[in-house]
Structures are given as C-alpha cells and as structure tokens.
There are 2 protein chains.
Amino acid sequence: MTSETPAPQRMTRQRKAVEEALSKNKGFCSAQDLHATLRAQGNRVGLATVYSQLRVMVDAGMLDVIRSDAGEAMYRRCGAGDHHHHLRCRSCGNVEELHAPAVETWASEVVSSSGYRDVSHSLEITGLCPACASG
Amino acid sequence: MTSETPAPQRMTRQRKAVEEALSKNKGFCSAQDLHATLRAQGNRVGLATVYSQLRVMVDAGMLDVIRSDAGEAMYRRCGAGDHHHHLRCRSCGNVEELHAPAVETWASEVVSSSGYRDVSHSLEITGLCPACASG
DNA sequence: TTACTTGCAAACGGTTTGCATCGAG
DNA sequence: CTCGATGCAAACCGTTTGCAAGTAA
C-alpha cells in the first residue's frame with residue numbers, strides 16, 4: 001500500500017540545473033524566477049520541466065514552499081524534512097522560520113483524541129516586523 | 001500625493017450581502033466560496049463585484065487574508081472575537097472547531113520575543129475523519 | 001444629476017496537462 | 001531498447017479589467 005517507491009529520478013541535465021540554482025539561492029524564489037535564471041545562464045530548460053522538478057522536490061521534502069501575496073509559489077531549499085512554520089511580515093515580506101514544539105505536541109494530541117488520521121497542519125503567522133512597524 | 005481619500009463606499013445591496021456573509025462565517029473562505037454562498041441564498045451578485053468588495057474591505061483593514069496551498073486567497077473578518085481553529089476532513093469536508101489555548105500562548109510568546117506587531121495567525125489541520133479513514 | 005457600483009465577458013498570469021520526442025540507465 | 005523526462009503549446013483556474021447600464025446620495 002504505502003509503497004515507498006522513492007521515485008527513480010533520473011539525473012538529467014535539467015534536473016541538475018534546477019538543483020544547483022536552488023542551492024545557490026538562499027532565499028525564496030518563484031518557479032518563473034528560477035526558469036528565467038536558468039535561461040539567462042544559457043541553460044536551455046522548459047518552464048514545464050522546472051515546475052515538474054519543483055513538484056518532485058517538494059514531494060521529496062527537499063523544498064519549502066510558501067505563497068507570495070501575489071499568489072505565486074515561492075520555493076527554497078529546505079534543511080532536511082524538519083517541520084517548521086513561518087513568521088512573515090505582511091509589509092516587507094520578510095520570512096523567519098519558527099519551530100513550534102508546543103504546537104506540534106498540541107496538534108498530535110488533538111489528532112489522537114479526535115480519531116482523525118493521516119493528519120497534517122499548517123500554521124501561518126503574519127504581522128509587521130520591527131522595521132516596518134517603526135517606520 | 002498620499003491622498004487619504006477614504007473612498008466614499010456606497011452601501012449597496014451587494015456590499016451589504018458580502019459583509020453579512022463574512023460576518024456569519026467565522027473561518028476563512030475564498031472569494032469563490034463567498035460568491036457561491038450568496039448565489040445559493042438567492043442573492044444575485046456578480047463574481048467581479050465580490051472581488052471588488054473584498055479588495056475594498058481588505059484595504060480598509062476589515063479583513064484578514066491568507067493564501068491556501070492551492071493558491072486561493074482566503075478571507076476572514078478581522079478581529080473576530082471568538083478566535084479558534086478548524087480540524088477538517090479532507091475527504092468528506094466535515095469541520096470541527098478547535099480551541100487551542102496552548103497555541104495562542106505560544107504564538108503570543110513568539111510574537112513578543114520577535115518584536116513583530118499587529119500579528120495574526122491561522123492554524124489549519126486537515127486529515128481523514130474516523131468515518132472516512134475506516135471506509 | 002453625478003459618479004460610484006455592478007456584472008458580464010474577455011483578458012491576464014501562474015500552473016498544469018497532452019503528447020510527440022529525447023535520452024538516462 | 002525502455003520507459004521516464006522533456007518541452008512546446010494549449011488548457012485550466014483564480015483573479016482583474018473594460019465598459020455599458022444601474023443606482024445610491
């Protein structure tokens with residue numbers, strides 16, 4: 001049932017290019033940005049391929065994904081599969097990672113007492129960062 | 001330049017309908033959901049009008065907005081008195097309300113130590129309810 | 001009456017998909 | 001050779017916009 005088939009993932013030129021571009025970029029970038037960057041570097045890669053690879057990498061837990069206010073998905077190379085949340089400034093868009101053991105604990109308690117299974121949660125925190133709040 | 005013209009905002013039937021629908025719904029709902037709800041209630045309102053009103057209300061600070069994983073904008077009446085979260089079955093759509101004092105406490109601690117201000121958070125938990133999980 | 005609001009439909013922009021071709025294993 | 005990967009273009013879907021008709025003030 002829960003086939004652990006980790007997906008073959010052939011190492012193509014394009015796949016490597018996407019991984020490298022993400023490794024070099026510390027922040028979040030959109031699929032379109034990534035595509036433009038690769039093209040600018042002379043790497044001939046299709047947009048659909050970029051999306052495809054991003055999906056694979058997200059499924060594999062290699063990437064963090066957030067949504068920009070404009071509705072674009074923003075990707076960033078993620079430190080292992082450690083689950084965390086984000087504190088985002090609604091003014092400047094700056095994102096900080098948060099670790100929330102209390103939340104995780106609470107969530108799993110709720111889940112077990114409710115009888116729900118295969119549960120996932122998402123916690124979004126937005127506010128004004130110190131810089132924007134004082135401005 | 002920074003004209004503070006707060007926009008006249010005529011009180012039309014449609015505007016009132018949107019406000020009321022949002023007031024009755026404690027959680028987040030998408031523009032499309034809102035539109036469908038209004039239509040179902042017999043309220044003849046255009047989708048573009050719903051979007052228009054939502055934008056006005058967001059600009060006025062009356063609404064909280066977050067992006068769902070699917071990329072849809074989700075709106076919620078801001079400063080909702082009874083803040084709570086939802087546990088939703090991704091199969092049958094059943095929703096249970098959750099109260100999370102631990103989460104609220106944790107969130108406010110994080111917020112105060114981070115220096116962020118005017119912070120709001122949303123926690124969504126999804127899974128399979130007992131009925132759907134056993135089915 | 002004035003000019004803001006409505007609402008249809010078409011335009012938009014990000015993302016996904018269909019399918020013929022390419023190429024890693 | 002085989003079957004997954006690629007990539008163009010078209011389909012999708014949520015959202016925005018153009019503009020003529022409606023209506024609050």
Side-chain angles (χ1 to χ4, degrees), chain A residues 3-22 28-60 62-76 93 124, chain B residues 3-22 25 28-60 62-76 124:
Chain A
S3 70
E4 274 308 312
T5 321
Q9 291 316 329
R10 291 181 180 174
M11 182 50 62
T12 63
R13 171 180 58 79
Q14 294 89 337
R15 167 59 182 269
K16 192 173 297 185
V18 171
E19 286 192 5
E20 284 181 5
L22 281 167
F28 285 91
C29 66
S30 70
Q32 311 263 354
D33 286 344
L34 207 50
H35 180 237
T37 299
L38 291 172
R39 282 297 179 90
Q41 292 174 357
N43 246 315
R44 188 160 161 49
V45 182
L47 179 57
T49 300
V50 172
Y51 276 108
S52 169
Q53 289 300 344
L54 287 173
R55 182 192 293 193
V56 168
M57 296 171 79
V58 168
D59 287 347
M62 300 171 62
L63 299 181
D64 250 358
V65 193
I66 62 176
R67 288 271 173 181
S68 73
D69 284 347
E72 290 176 312
M74 309 290 286
Y75 304 84
R76 183 180 61 177
E124 169 145 340
Chain B
S3 72
E4 275 306 314
T5 321
Q9 291 315 329
R10 294 181 179 175
M11 182 51 62
T12 63
R13 171 179 60 78
Q14 294 88 338
R15 167 60 181 270
K16 191 173 297 184
V18 171
E19 286 193 5
E20 285 182 4
L22 281 166
N25 192 330
F28 285 91
C29 66
S30 70
Q32 311 263 353
D33 286 344
L34 206 51
H35 180 238
T37 300
L38 291 172
R39 283 298 178 87
Q41 292 173 359
N43 246 314
R44 190 166 160 53
V45 182
L47 179 56
T49 300
V50 172
Y51 277 108
S52 168
Q53 289 301 343
L54 287 173
R55 182 192 294 193
V56 168
M57 295 171 80
V58 169
D59 287 346
M62 299 172 62
L63 300 181
D64 258 354
V65 193
I66 62 175
R67 288 270 171 182
S68 73
D69 284 346
E72 289 177 311
M74 309 289 287
Y75 304 84
R76 181 182 64 178
E124 170 143 342

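Quick note on labels: first sequence line is chain A, next is B, and so on, each numbered from 1.
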Between N or O atoms, less than 3.5 Å apart, protein on one side and nucleotides 11-18 of chain D on the other: list the pairs.
| residue | atom | partner | partner atom | Å |
| --- | --- | --- | --- | --- |
| dT15(D) | OP1 | Ala73(B) | N | 2.9 |
| dT15(D) | OP2 | Tyr51(B) | OH | 2.2 |
| dT15(D) | O5' | Tyr51(B) | OH | 3.1 |
| dT17(D) | OP2 | Arg55(B) | NH2 | 3.2 |

[atom1] of [X] versus [atom2] of [N]: gap in Å, rounded?
X	N	atom1	atom2	answer
Arg15(A)	dG25(C)	CZ	P	12 Å
Gln53(B)	dG7(C)	CD	C1'	13 Å
Asp59(A)	dA5(D)	CG	P	12 Å
Asp33(A)	dG14(C)	CG	C1'	12 Å
Lys16(A)	dT6(D)	NZ	P	13 Å
Leu38(A)	dT6(D)	CG	P	12 Å
Asn43(A)	dT6(D)	CG	P	12 Å
Phe28(A)	dG14(C)	CZ	P	19 Å

Mind checking side chain to side chain donor-acceptor pair (under 3.5 Å) for [X] and listing every partner two or more places apart, or none if nothing turns up?
X	result
Thr37(B)	none
Asp69(A)	Arg88(A)
Thr49(B)	none
Glu20(B)	none

Taking only side-chain nitrogens and oxygens of [X], does any of them come within less than 4.0 Å of OP1 or OP2 of [N]?
X	N	result
Gln14(B)	dG7(C)	yes
Arg44(B)	dC8(C)	yes
Thr49(A)	dG7(D)	yes

State which residues pass side chain to side chain contact (heavy atoms under 4.5 Å, CB included) with [X]; sequence neighbours excluded, sorted by chain then number.
X	result
Tyr51(A)	Ala31(A), Gln32(A), Leu47(A)
Asp59(B)	Arg55(B)
Arg44(B)	Arg39(B)
Ala48(B)	none

(request) Compute the angle between the rotation axes at the two ends of the helix from dT1(C)-dA25(D) to dG25(C)-dC1(D), each taken over five pairs, rounded to 10 degrees. (result) 40°

(request) Could I get the full list of salt bridge (Lys or Arg N to Asp or Glu O under 4.0 Å) partners for Arg67(B), not counting sequence neighbours? (result)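 Once residues adjacent in sequence are excluded, Arg67(B) has no partner under the salt bridge (Lys or Arg N to Asp or Glu O under 4.0 Å) criterion.
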
(message) Would you say that Lys16(B) contacts Gln53(B) through its side chain, given a criterion of any heavy-atom pair below 4.5 Å between the two side chains?
(response)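 The answer is no, as the side chains (C-beta and beyond) never meet within the 4.5 Å cut-off.
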
(message) Please encode protein proximity along nucleotides 20-25 of chain D as a string of B, S and -, counting only heavy-atom distances under 4.0 Å.
(response) ---BBS

(message) Within this structure, what is the CE-CG distance for the pair Met62(A) and Leu22(A), rounded to the nearest 0.5 Å?
(response)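 Those atoms lie 8.5 Å apart.
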
